[in-house]
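Quick caveat, the model's predicted, so the values are computed rather than measured. We use all heavy atoms of the structure for the numbers below, so side chains are in, but hydrogens, waters and symmetry mates are not. Convention: sequence-line order gives letters A, B, ...; per-chain numbering from 1.
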Amino acid sequence: MSARERIAILLAALVLAACAGYAARIAGHTGIRAEWRRTKIAAIAPETAERLAHLQGDVLLSYFATPAREMPAHLARVEEGVVLVLEALKRASDGRLDYQVVHPADDPELEGWLDAVGIAPFRTRRVERDGYVEEEVWSTLQIAYGARPTATVSAIAEEHLPRLQSLILARLDQLEAPRAPVIALDVPHAADGAGTFDELTALLRARADVRIVDFDAEATLPDDADLFFWMEPRSATPAHLLALREFTERGRSVVLAGSRLRLEPAGVSAEGRAAWRTAPSGYPAEVLLGSIGLRPLAGFALDGFCASPRSEGTEAPVLEPFRVRCIAPNQDFRSMRGQPNASLLFEVPTVFEPDGARLAALGRRATVLATTSNRSWLGAPPTGPFTADDFPPVAEDLGAKRALAVLVEGDDPARGAFVVLAASTPFADGQLARSGFAHRKLAGILLDTLASDERLALNRTALTAAEPLAQLGRGERALWRAFACGLVPLLLAAIAGARSARGRTRGAARDGAWWHVALLGSGAALFAGALGAFAPRAGFDLTRDGRNALAPETLDIARAPGPPLAIELVFSPEDRLPPELRPLVRRARDLTARLARAAPGIELRSIAPDTADLPALGVRPFQMTSTFDEVTTVRTLVSAIRIVRQDGRGLPDNLPCESLASFEDLEFRLARALRRARAPEPEAARIHVAVACDVPRLSPAESLLEYTQLGLFAPTQGDVYGAARAALARDDFRVTFVDPTAPVLPADTDVIVWLQPRRSITPMLEVAAGFLARGGALILAAQHFDIIPRQFGESRAAFWPQPQFADVERHYFGPLGVELVREVLCDELSAPLAVDTIATGEAPPSPFQIRAALSGTAAGADPTRGLGDLLFPAGNRLRLDTERLAAHGLRARPLVFTSGRAWTYDWRGGVLPAEVLQGRGALPPAPDDARRFLPEPAPLVVLVEGRFPAFDPEAEEPQLALVPQVGGAEGKLLFIGSSQMFRGTTLAADGFRHDQFLVNAVTALTLGEEYLAILARRPVSVGLGYVAPETRLAWRTVVIGAAPLLLLLAGLLFRILSGGRGSRAPRAARVRGGP
Amino acid sequence: MTGGHTSAPTAPGFLAGTRVVFARELAATFDSNIAYVAAIGFLLLASSLFMNEFFLVGRLDMTPFFELLPPLFVLFLPAISMRLWAEDRRTRTFELLVTLPLRPLQLVLGKYGAALGLFAVFLLGTTPIVVMLCALGDPDLLLIASGYLGAFLFGALLLAIGALLSSLSSDQIVAFILTALVSFALVVSGDERVVAVLDGLVPALAPGTWIAATLSALPHYEAFVRGVVELSALLYFVVFSAAILALGALVVQRHRT
């Protein structure tokens, strides 16, 4: 065939393909289609037609959508799908139902009207020229049914189409005759069989159809139940977890309330106080909460500040810290339909914290609804009877707020939610209707939210996802696995074997060569594998910083003179470890083996936990939850490394390795532990970090609106910086919480970490500045705003900078010459990430989420050494006044910058104008542009060193408040223009590791270059700076196209040089040309 | 020479003979369309998949690219190796080939070298990515080199297996599927999720862990991607490939005799 013929055929194929494509588009307009699936989009079932025939009035369905051509790719076909559904309903309704498709973007006046009636667009993201672009789109259906109030189905996407038809019908049913929810209720009974939750049962019966179930025993729930109240669970077998998962997958929700301990009266103490004892309740907190994405904390919570007062006769009320009173300021029910507005009581609560990684793996997110006060602590269950006097009013080891109630929702709104309470006390008889507490209201809020009309309608729609698999036994699973994987191949192999036996095989080599070769090949594989497995691990590390080998600093520490040491590895056998932990334990073994080989004075021992006396070793088993193929497994493990002095002096140093992250900086931890074991105290003692952090609060404007006018209490999130403190503790730093409103600094503090100062900052500022003036180190993370989405009335969301009142620009730091600039900062180098905000948990637009690309060249004691990119959600830049700094004898060094494409907005109030959300673009700004483009990268993190002045809170002028110190040591201040980066899930989310930044910062400021060099050898990749869209496009073209093009040209050249002979020459002829 | 006595052709030296087969096979490979189709297909796919996320993620890192390679190797390398011997057997030139005055190992190494040459073109074709990374920042070039070395050794092993299976079958499709299956097994047996499932079948023996530690190629490859060039990984790839090539020579020898 000639080249011309080939080209002609190719062209013909292209033309035919185009014709076929257009023919398909034309055919699409005929509406002829068949749906070969259980849940149909456009086909109308007979019962649906019957339902439509009995409509009690006219129905108008209005679909408000952005035109398909302007939609992002993932939403472009939604309108077509919705119209299919609506058209099918219209055809089947015999004129009772009609629909219209409206494009609001075409008519600005219409948009205003829709805002007024509560129909709003939603923000979505599209990829444009290798970058993310955010925009607002419409996709909402309004259902008008006669004179009844309208209903809406918002944010319709392609995945919602299969259930849209049944959802519309369910909403029509609900509008026509609202039905009561069906509630499954499992409550325990007292030993005498009497009910302990009769009041709750009666309350629920007044509003719903209640089905009493014994879920603990039977692990099944009624099919028609909309909501499940499970009080004091006692069973969490795989069958229970599966049933709960199925239940929530079908859109139903669960209220779980329980505590590991039960509080029982134990008479009266010798002092005449009421005595109590605790008994285990059988609540399987680890398994049950772990399967949801929560991590229960050990022991139970006590709260000296918010204990429940109990009157004993004529005496003054007794505060019992084990009866935790959650007061309204510690509640945030804004994600629910109502606010309790009064206290909730939790007796010996099993508090918990959201497990960010597990929640992400499960596709869920958690919202803390209620917390203890920040004067709470965790206690171990007392062994005998106790009274309130056995607990101090306030313990020394105070922590921050601990969650008492959490809402866990799925990313898909069609899935049900979990509401988990740390004790069942609010619903128990005698407590539900107790005066002064809002327990009844809490139950009502749960019903209103989890059994709302929308939710009930959704629950009546068909399940579109594949049904979860029934629980199978191990044998059954093995059988099905063998059947699915092996049956047909086995049959085919048998047929092939039979044919071979009859000598009819043609493809295989003769004389059984296949079998011989297979045997020999397997042998070769085994041999090579064994060589690979057992050969010495010697090799080269080709990484630039040698991060796969031991650091020279670690080797120096290990080889330092001193008593002989032993590293003892106490790990459970590998087959008992969760899959994700195995490679880490292997690496830990490898790392310690290399350390022991390199240092003669270090012996490596392995201790089998099964035969060891773990309490004597100071090692405790722990439970670890892992999810694999949606099955949650809780394993009891031992995972720790001990450093022991072989001369028998000193206490062993235990390094617990109880999470994946705890292995991350293992070399650093080992190096520190070796130095501690060999060096005399106190130089090598654990670094003491005092963490002062506050919780998000309302601004005065919000307080006025929501507290004064609407009568709501100020919402308060839980312990948003708890994960940051845990990250420090994980790397063996000693962490102490400091209350910034009444700070008491531990005497041996090495560094203060102050996360988000809030007005009034003077008490903490006095302590921090004094510490700096004495030569201490301070890490200060602050920002002026949280950018949060707000919805005013029913209108569309707008973005509002919520003031944080950091005040650091007014007091001390500003006058010192380091000003946190109070303006909204945006950057085109940004990253989309769903960071948690105080209001809704929605992601703010990305220009506020500034991504700082680090060059990867930081060295010495630079805290950014060895870090990947950092994200500054709603961060602020720092302005340095070099004259002022110099006047105080301070040296400032900016460490992290924005890109050169940043802009600011001088916010004075109100929501942000739309233009602030837009990119910087190629053109210069218009004269009336509210944005101010920064001419050069702006500092986001600054390190200031020198002799700091102290702070006088009584001074009248800011400058006078700086009290110079004579002599003294040099202090260090690391000022970070964002605190949100250290909050909850933002701390280590989606490629950003701010926990590493925090650990680096503490290490750099306290331990110096030696340890930072060890710490900074993490496998992180350096981020890209800002790359213009046209450059991105050019690089994409080069990378994808250059090599194939060159190859084509080379082939062409080869053909021309060989005169086209080669391709047509028979292979035999070419081979004959051989030697 | 007298009396019409015909002397036997002189066998060339080992390297010379291997070189001749290599040169011939390489020329034949690049003379056929399959080399260009496979190479262009591989390059388009690998580069496009990498670039799809590159600017969105914004990391100056080639690790995601190296993580992409094993599944692509499973798809493309059997396409190179399937024709090494099966084509000769199909066109009946195999018998002619084995009668040449060359040792079986020379034939095997020559053909294998040609396949490696094409594979090297695959990898070389991805160097624009390195150029781009260098232009946009300061990537760890040694780490990238280590990744390429791992990829080359991994591919070389899969090609050796493919060559052996091709020598056992006259049907290229059979050779392709068998090679793809074995390659797939070498890749997935190192995946932690598969290891977990296999371990769960017989927890006391932990067969998944044993297979991953002993047989699987993935953990060794991942060490290279992390920038570690270990003796154990080198031994695994080199010895395994050499043993498979020796087996291939044995098969050719059997055909000859």
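Comparing B/Asn52, B/Thr126, B/Asp138 by how many heavy-atom pairs each has under 4.5 Å with chain A, the most go to B/Asp138. Counting heavy-atom pairs under 4.5 Å between each of B/Asp140, B/Leu60, B/Leu143 and chain A puts B/Asp140 at the top. Put simply, of B/Ile40, B/Val182, B/Ile144, B/Leu149, the one with the most heavy-atom pairs under 4.5 Å next to chain A is B/Ile40. When each of A/Leu1048, A/Thr1031, A/Ile1040 is checked for heavy-atom pairs under 4.5 Å with chain B, A/Ile1040 comes out on top. Counting heavy-atom pairs under 4.5 Å between each of B/Phe224, B/Phe237, B/Phe240, B/Phe54 and chain A puts B/Phe240 at the top.
Residue A/Val1039 touches chain B through both its backbone and its side chain, counting heavy-atom pairs closer than 4.5 Å. Neither the backbone nor the side chain of B/Leu133 has a heavy atom closer than 4.5 Å to any heavy atom of chain A. Contacts between B/Val131 and chain A at a heavy-atom distance below 4.5 Å involve backbone atoms as well as side-chain atoms. Residue B/Ser48 touches chain A through both its backbone and its side chain, counting heavy-atom pairs closer than 4.5 Å. Only the backbone of B/Pro139 comes within less than 4.5 Å of a heavy atom in chain A; its side chain stays farther off. Within the 4.5 angstrom heavy-atom criterion, no atom of A/Arg576 approaches chain B.
One finds the CG atom of B/Leu245 at 10.0 Å from the CD1 atom of B/Ile161 (value rounded to the nearest 0.5 Å).
Side chains of B/Ser169 and B/Asp171: a donor-acceptor N/O pair is absent below 3.5 angstrom, by distance only.
B/Tyr36 contributes a side-chain N or O that, together with a main-chain N or O of B/Phe30, makes up a donor-acceptor pair within less than 3.5 Å.
Taking 4.5 Å as the limit, every side-chain heavy atom of A/Leu870 sits out of range of all side-chain heavy atoms of A/Phe992. The shortest distance between side-chain heavy atoms of B/Tyr236 and B/Leu157 falls below 4.5 Å.
Ring geometry for B/Phe122 versus B/Phe42: interplanar angle under 30°, hence parallel rather than tilted (30 to 60°). The aromatic rings of B/Phe50 and B/Phe65 lie perpendicular to each other, with more than 60° between the two planes, well past the 30° mark.
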